[in-house]
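Chain A is the first sequence line, chain B the second, and so forth, proteins listed ahead of strands; every chain is numbered from 1.
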Amino acid sequence: MRTKIFRTISMLILLAVMFVSLLGCAPAATEAPKPAEPTKAPEQPAQPTKAPEQPAQPTKAPEQPAAKPFEGVELTLASMTDQYVTAFRYLIPIFKEQTGISITLDELGYVDLYQKLTADFVGKTAQYDLMTVDIVWSGEYAKNQYTLPLDDFMARDKDQLQLDDIMPVSWTLGEWEGKHWAYPLAGYANVLNYRKDVLEEAGIKPPATQEELLEAAKKLTKPDGSMYGIALLGAKGPAVAQDYMAWVQQHGGSILDKDGKVAINTPQNVEILKFFGELFKYAPPGATDYWWDQRETAFRDGQVAMMEGWSIARAGYENPEISKIVGKVDITVAPVSEGMEPKYGFGGWGIGINAASDPKKQEAAWEFIKWLTSPEIQKEWIRHDGAPIRRSTLEDPELNKEYPWFPVLLKSFEKGDGDYRPRIPEYSIIQDALGTYVNAYLVGQETAESALEKAQAQVEANMK
Amino acid sequence: MLANLAGIPSLNEIRGFLLMSRRSNLNKSITLSIRRFFIEDGAYLVMLAPLLIFVIVVAIYPLFFSFRISLFEYRLTDPNQTQTFVGFQNYVRAFSDQVVKSSLITTLIYVAGTVSIELLLGLGLALLLGAETQIARVIRSFLLMPMALPPLVVGLVWKALYNADFGVIPYYLKLAGFNVGRGPLAELNLAMPAVILVDVWQWTPLLMVIFLAGLKSLPTEPYEAAIVDGASRWQSFFYITLPLLKPTFLIALLLRTMQSFKVFDTIYATTGGGPGSQTTVLNFHIYTVGMTFFQMGYAAALANILLVVVAILSILYIMVLERQQL
């Protein structure tokens, strides 16, 4: 009798487990918009709702009776799960209130996003109408015409867009050979975060050059493992590839030669790789397995003194819920090699419209982009963990009070280099090769020379 | 997910499999059923039709499709979707590809490691928990839990456990005075054992279940005779249990070898094939070619090579063990 009951119970448990795992396979789209957010929205919209109507009024005036020409249009947005996704969660309900366009947000990790979007584009299934587009995908998307060129829209609505206000470097988020395949959404500057308290205690000035950075990392690393000099990305795959390319940029190297051909295994790049490997000596021992999130954890946890990274993470260090280093962090521009003309790594995301989507949806999607990137909404975008693209946002006195590090961003943006990771159509092949072989060098499987040689060979074999 | 569900045989399947091979001659029973199928029994066909159609749609058609595109140069991201016929060039390219060679060796190490450890542990657990006591039953059902989890989830959990700076395992290893270096997943000589351990943790219970089924269906007479003859427990284990378990071994070995050859999720979630290319198994390389470079033709050719390797291995196992048995 008891065994029978027991058997029934365990069967039920097993069934429940299977059911749950089956549910896990179902598309997550339905649960994406967090139900908690919309309830919060009505409290605050006073500022954002009023604001956007003003720029819209002059042109929209005759249409006023229709008011909401896109009422009822439903869009889907595939977004990278970067910090700015919270801003999407906050702003989308407000946008729906104003225009009647509802947007379903699908939040995806970097690799998943790239693959799902590629599958969607290739199959022309138009599962997503809007998508966040990484700066490095610009060339690929342009070549294959996955996204809609926005130039017609931009020419039509140029009075409403204040295009001059957008930082020149922001346009690299989606521009390719003169056309705009994605609209600037979130600009990131590569900056150096450092612990004020730790550097002060050790009597070290914030490093201004790469050589000083290495020196500082060496001095700040404590032999007992309680403090490491610098946190780096070392995990095989996009992580280590992108971090290495950042260092190539800071040392004045290049992944492409003068003619735009892939030239990874240059003597200069080998030297830079050795420097990069040297830095790992002063990083937490697990750093060769770090993705972005683990690097962030290490820094927020107070284990490391310095970290180069995208500026969008900066605000998070002041959030006591996720950070143990509140009030102890400062940022400065990313140091470049001695004697080099300063240029700062620039990256981030554009927002694109699926070329295969229904024209009416495309029109509605453009409406969203226009609204989102308008100077007024940009303030709310920043306040909810978005990243800036406009000069007016970066120079806004109010925002500067809330985010005292904005001058550093402005400086980085002004001399920003959005092309240090080659935005060419074959980018993913380069990234994969560097991702494998730079990691192999860091763990001692290859020498610096052989690693880059093999990376070059792999790129050539796959590019043809 | 589907592959995963299909990969776990139900108990009934295992029992059926056991019975079939117990009859000692697979070939005979197969030819017999084929004859019955076509000639003697029309109702057979009607009743099997739904399943047959299902198998053709989800297994046989894709197989032929993958063979077809493996003969083409076909890049998925090509806006014109051109497919150029290149004959067997993709296969030729595979044999000169260094990465394929090294990933094939990695796969063999992985398979040898996981399958041998799991066989031993599975047999041990089955013997230990074979008794029909209350405790054994409870432990047995708990041991099945890892199998119910998707390998991807298992991989992510273990990745967190292994993390050198925040993970639980290195934390205790450090307390015990071990030097964990870059952490189990990032050290060249530790990465492979570390991923093998994940696989062992997840799939040993499956082998335990198979061995349990095998042990339960053993006849009792030889043991009684052995006791009468004064055999010790070790002797009856080595000279009766093990030989009688041979068909069970065959099934366990086959199942796990084939599954292990196809490993992807665990590697993808833990090391991503790293450090360097230390844990890049063949299936992971195929994934890179297919889903990062989108070279569908070449990826299909590699997948077919993997299929052939697995098929040859299965045939080999069946032949070896069949011969020993007769």
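Separating the NZ atom in A:Lys236 from the CG atom in B:Leu185 is a distance of 13.0 Å, to the nearest 0.5 Å. Once rounded to the nearest 0.5 Å, the distance linking CZ of B:Phe166 with CG of A:Asp301 reads 6.5 Å. Summarising the geometry, atom CD belonging to A:Gln115 is positioned 3.5 Å from atom OH belonging to B:Tyr287; distances are rounded to the nearest 0.5 Å.
With a 4.5 angstrom heavy-atom cutoff, A:Tyr146 touches chain B only via side-chain atoms. Only the side chain of A:Val111 comes within less than 4.5 Å of a heavy atom of chain B; its backbone N, CA, C and O stay farther away. Only the side chain of B:Phe294 has a heavy atom closer than 4.5 Å to any heavy atom of chain A. At a 4.5 Å heavy-atom cutoff, A:Phe121 makes no contact with chain B through either its backbone or its side chain. With a 4.5 Å cut-off on non-hydrogen atoms, B:Gln278 touches chain A through its backbone and its side chain both. Using a 4.5 Å cut-off between heavy atoms, A:Ala287 touches chain B through its backbone atoms (N, CA, C, O) alone. The parts of A:Gln294 that come within reach of chain B are both its backbone and its side chain, each placing non-hydrogen atoms under 4.5 angstrom from that chain. Heavy atoms closer than 4.5 Å to chain B are found in the side chain of A:Gln458, but not in its backbone. Proximity to chain B (any heavy atom under 4.5 Å) is shown, for A:Asn144, by both the backbone and the side chain. Proximity to chain B is absent for every atom of A:Lys454, based on heavy atoms less than 4.5 angstrom apart.
Options A:Glu140, A:Gln303, A:Lys143 differ in how many heavy-atom pairs under 4.5 Å they form with chain B, and the most are formed by A:Gln303. In terms of heavy-atom pairs under 4.5 Å with chain B, the best-connected choice from A:Ala440, A:Ala119, A:Pro285 is A:Pro285.
Using a 4.5 Å cut-off between non-hydrogen atoms, the part of residues 167-181 of chain B that approaches chain A consists of B:Gly181. Residues of residues 266-274 of chain B that come within less than 4.5 angstrom of chain A, heavy atom to heavy atom, are B:Tyr268, B:Thr271, B:Gly272, B:Gly273, B:Gly274 in numerical order.
Here the side chains of B:Glu187 and A:Val443 are not in contact, with every heavy-atom distance at 4.5 Å or above. In this structure, the side chains of B:Met291 and A:Thr118 stay at 4.5 Å or more apart for every pair of heavy atoms.
Within a 6.0 Å sphere centred on CD of B:Gln83, heavy atoms belonging to other residues, nucleotides or ligands number more than 12.
Residues B:Asp165 and A:Tyr290 bring a donor and an acceptor atom of their side chains to less than 3.5 Å of each other.
The two residues B:Lys159 and A:Asp289 have their closest heavy-atom pair at NZ-OD1, 3.8 Å. Considering every non-hydrogen atom in both B:Arg75 and A:Asn462, the closest pair reads NH2-O, 3.6 Å.
The main-chain N or O of B:Leu188 is never found under 3.5 Å from a side-chain atom of A:Gln445 such that the two would form a donor-acceptor pair.
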